[in-house]
Amino acid sequence: MDTADTTATGLTFRDATDADVDALVALIESAYRGDTSRTGWTTEADILEGQRTDPEGVRAVIKSPDSRLLTVERGGAVVACCQVEHRGDHAYFGMFAVSPALQGAGLGKVILAEAERLARETWGAQAMHMTVISVRNDLVAWYERRGYRRTGEMTPFPYGDERFGIPQRDDLQFELLVKPLA
């Protein structure tokens, strides 16, 4: 991917490389886990402990031929990232993280829009799919305001697999959210 600069926001989008792995793991962890994540609003610290991702997970997304891990920079510093994966007629959106100190300033919606544009223009994706922990009502509402709809389609949380965190409650599951891109 060529570097895309969105001048209005001062953000630069580029594909992640192996050199970005440590910074991206730190960013993702800071946005979702531990006390640092409480600075922003996307924290999962009250429902999950442990890790959100690891270097192997990030590296796998970078290396996948059907996936792109967009790294978002402002002033040369990594401030956000997201995964966009080609899955036939739709794309999958995941591994989304914005630095907790910058959350609530509109960066998330700019990044989401860029991911949707990329999926539409690069792969001709007709829709964007994502999964969100169903009890994250504030996050689901944020996506609904951006045109995503709840499908009611649930998949179980991988209890017992600490690569995805250590659940602090027993009712976690993922819900599929979908948005048409055409």
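Shortest non-hydrogen contact noted between L24 and A16 is CD1-CB, 3.7 Å. Between S67 and E85, the shortest heavy-atom contact is OG-CB, 3.8 Å. Across V98 and L27, no two heavy atoms sit closer than the pair C-CD1, 4.1 Å. Heavy-atom minimum distance, Q168 versus I166: NE2-O, 2.9 Å. Across every non-hydrogen atom of A31 and Q103, the tightest pair is CB-NE2, 4.0 Å. Counting all heavy atoms, side chain and backbone alike, A97 lies closest to Y32 at CB-CE1, 4.1 Å.
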- Using the side-chain hydrogen bond (donor to acceptor under 3.5 Å, both in side chains) rule, take T155 and Q173 through it: C-alpha gap first, then chi angles, then the decisive distance, then the call. CA-CA 6 Å; T155 54; Q173 56 187 342; over 6 Å; no

- Message: Between L172 and L48, is the side-chain contact (heavy atoms from CB on, under 4.5 Å) condition met? List the steps.
- Response: CA-CA 10 Å; L172 300 182; L48 289 161; 3.8 Å; yes

- Begin with the C-alpha distance, continue with both residues' side-chain angles, and end with the deciding distance and a verdict on side-chain contact (heavy atoms from CB on, under 4.5 Å) for V25 and V21. CA-CA 6 Å; V25 169; V21 169; 4.3 Å; yes

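Evaluation of the ring-ring contact (aromatic ring centres under 6.0 Å, His included) rule for F164 yields no partner, not counting sequence neighbours. Residues that satisfy the side chain to side chain donor-acceptor pair (under 3.5 Å) test with T43, not counting sequence neighbours, are S37.
Counting heavy atoms from C-beta on, the side chains of M95 and V58 come closer than 4.5 Å.
Relative to the ring axis of W142, R146 places its NZ or CZ within 45° and under 6.0 Å from the centre.
Salt bridge E44/R136: present, at least one basic N to carboxylate O contact under 4.0 Å. A salt bridge links D46 to R38: at least one charged side-chain nitrogen sits closer than 4.0 Å to a carboxylate oxygen. For E144 and R149, the salt-bridge test fails: no basic side-chain N is under 4.0 Å from an acidic carboxylate O. Remark: R14 engages D20 in a salt bridge, criterion side-chain N to carboxylate O under 4.0 Å.
Under the 4.5 Å side-chain heavy-atom criterion for ILVMFWY residues, a single connected hydrophobic cluster contains both L139 and L107. The cluster map of Ile, Leu, Val, Met, Phe, Trp and Tyr, joined by side-chain heavy atoms under 4.5 Å apart, puts L177 and V135 in different clusters. Connection of V110 to V72 is established within a shared hydrophobic cluster, with ILVMFWY side chains joined at heavy-atom distances below 4.5 Å, either directly or through further cluster members. Under the 4.5 Å side-chain contact rule for hydrophobic residues, L11 and F96 share a cluster. One hydrophobic cluster, built from ILVMFWY side chains closer than 4.5 Å, holds both W123 and M128.
Atom NE2 of residue H86 and atom CZ of residue R68 lie 12.0 Å apart, to the nearest 0.5 angstrom. From K179, atom NZ reaches atom NE2 of H129 across 13.0 Å, with rounding to the nearest 0.5 Å. Here the straight-line distance linking atom CZ of R59 with atom CG of D18 works out to 6.0 Å at 0.5 Å rounding. Taken from OG1 in T42 to CD1 in I28, the straight-line distance is 11.0 Å, to the nearest 0.5 Å. Here the straight-line distance linking atom CG of L112 with atom CZ of R117 works out to 13.0 Å at 0.5 Å rounding. The distance from atom CZ of F157 to atom CD1 of I133, rounded to the nearest 0.5 Å, is 5.5 Å.
With hydrogens and angles disregarded, no donor-acceptor distance shorter than 3.5 Å links the side chain of S64 to the backbone of V61. No donor-acceptor pair under 3.5 Å is formed between the side chain of E175 and the backbone N or O of S134. Using a distance-only test at 3.5 Å, with no hydrogens or angles considered, no donor-acceptor pair links the side chain of T122 to the main chain of A119. Between the E114 side chain and the F13 main chain, no donor and acceptor come within less than 3.5 Å of each other. A donor-acceptor pair under 3.5 Å is formed between the side chain of T151 and the backbone N or O of L176. When atom types are taken as modelled, the side chain of Y148 and the backbone of A141 share no donor-acceptor pair closer than 3.5 angstrom. The backbone N or O of R163 sits less than 3.5 Å from a side-chain atom of Q51, completing a donor-acceptor pair. Counting only distance, with no hydrogens or angles, the side chain of T39 and the backbone of A101 share no donor-acceptor pair below 3.5 Å. The main-chain N or O of L70 is never found under 3.5 Å from a side-chain atom of Q83 such that the two would form a donor-acceptor pair.
Using modelled atom types and a 3.5 Å distance limit, the side chains of E29 and T53 yield no donor-acceptor pair. A donor-acceptor pair shorter than 3.5 Å cannot be found between the side chains of E73 and T12. In this model, a donor atom of one side chain and an acceptor atom of the other lie less than 3.5 Å apart for T131 and Y92.
Ring orientation note: the planes of Y143 and F93 are nearly perpendicular, at an angle over 60° on the 30°/60° scale.
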